[in-house]
S.K.: 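Before I ask anything, here is the structure I am working with.
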Protein chains: 2
Amino acid sequence: MLTHCMAVISGAWAVNVIWSLRAGPRRFNELRIDIPPISAKVLSTRLSELAQRGVLTRNVRATMPPSVEYALTDLGAELVPALDAIVQVGHRLKALGEG
Amino acid sequence: MLTHCMAVISGAWAVNVIWSLRAGPRRFNELRIDIPPISAKVLSTRLSELAQRGVLTRNVRATMPPSVEYALTDLGAELVPALDAIVQVGHRLKALGEG
DNA sequence: CGGGATCCAACGCGATACTG
DNA sequence: CAGTATCGCGTTGGATCCCG
């Protein structure tokens with residue numbers, strides 16, 4: 001149950017993708033630049049999964065060259081404060097461990 | 001940065017362990033029962049990691065037979081509402097996907 | 001009861017090359 | 001620009017056995 005629900009953010013770099021989209025829509029190569037270590041294959045896979053789960057939307061523009069915009073859905077955006085809370089705790093734990 | 005902070009909940013069954021401890025301290029075998037698919041090795045590994053990160057504490061009681069209690073730290077407890085928020089979103093996304 | 005040691009298999013990521 | 005296909009490898013989790 002918990003595991004199944006937490007699966008919405010599963011997969012490498014999934015949270016980074018969500019994080020990069022928190023300020024607004026981004027294109028494929030913009031996301032690649034935001035998350036340097038990610039490979040095109042994994043980014044593509046992750047975007048497909050997250051779109052299928054309803055976390056984000058994929059918007060293809062019939063331009064030349066092609067342009068594809070990704071954006072968080074309303075529910076996807078609700079994940080941001082939750083992730084932020086975890087990051088804050090992680091940050092304080094790290095400070096504790098070092099101090 | 002984000003990735004490094006999110007690492008506090010990394011590893012298989014980590015969130016389940018935190019979740020099982022949200023209502024209070026639990027012993028090793030109680031956690032095994034709470035999370036049936038987990039193996040002793042992985043539970044042991046995860047508990048060590050989470051203790052080292054400051055998410056939970058390990059309390060050995062000099063009883064016979066031995067008893068070891070695990071409990072969330074204050075910071076570890078702060079992860080619970082965040083995880084709960086993600087679970088809620090996951091639940092609603094699942095409902096959307098099925099409906 | 002609460003683990004550590006060992007071995008193994010599988011999933012998933014990364015790199016590279018190619019395409020519409 | 002925005003992907004897909006293929007391949008190889010490394011990490012990690014699972015199963016089993018054993019111990020204080």
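First the proteins, then the strands, lettered A, B, ... as listed; each starts at 1. From a predicted model like this one, the values you see are computed outputs, not experimental measurements.
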S.K.: Identify, between A/Ser48 and A/Pro65, the residue whose nearest nucleotide on DNA chain D lies closer to the 5' end.
M.R.: A/Pro65

S.K.: Measure the CD1-CZ distance between A/Ile33 and A/Arg27 for me, rounded to the nearest 0.5 Å.
M.R.: 10.0 Å

S.K.: State the CH2-CG distance between B/Trp13 and A/Leu2, to the nearest 0.5 angstrom.
M.R.: 10.0 Å

S.K.: Whole angstroms only, please: what is the CD-P distance between A/Glu49 and C/dG12?
M.R.: 9 Å

S.K.: So, is A/Arg27 close to the D/dC1 phosphate, meaning a side-chain N or O under 4.0 Å from OP1 or OP2?
M.R.: no

S.K.: Scan nucleotides 13-20 of chain C nucleotide by nucleotide, 5' to 3', and note B when protein non-hydrogen atoms come under 4.0 Å of the base, S if they reach only the sugar-phosphate, - if neither.
M.R.: BBB----B

S.K.: Is it the case that more than 12 heavy atoms not belonging to B/Gln88 sit under 6.0 Å from its CD atom?
M.R.: yes

S.K.: Would a 4.5 Å heavy-atom cut-off, applied to side chains only, mark B/Asp34 and B/Leu31 as touching?
M.R.: yes

S.K.: Pick out which of A/Glu30, A/Arg58, A/Arg26 makes a side-chain hydrogen bond (donor to acceptor under 3.5 Å, both in side chains) with A/Tyr70.
M.R.: A/Arg58

S.K.: Can you find a side chain N or O atom of A/Ser67 that sits less than 4.0 Å from OP1 or OP2 on D/dC1?
M.R.: no

S.K.: Tell me: CZ of A/Arg26 to C1' of D/dA2, nearest whole Å?
M.R.: 16 Å

S.K.: Send over the distance from A/Asn59 CG to D/dG3 P, rounded to a whole Å.
M.R.: 12 Å

S.K.: Would you indicate, yes or no, if C/dG3 has its OP1 or OP2 atom less than 4.0 angstrom from a side-chain nitrogen or oxygen of B/Tyr70?
M.R.: yes

S.K.: Counting any heavy atom closer than 4.0 Å, what does A/Arg61 reach on the DNA or RNA strands: base, sugar-phosphate only, or nothing?
M.R.: nothing

S.K.: Using atom CG of A/Asn29 as one end and atom C1' of D/dT4 as the other, report the distance to the nearest whole Å.
M.R.: 15 Å

S.K.: Could you give the distance from CG (A/Leu47) to CG (A/Leu21), rounded to the nearest 0.5 Å?
M.R.: 7.5 Å

S.K.: Can you tell me how far P of D/dC1 sits from CG of A/Leu31, to the nearest Å?
M.R.: 13 Å

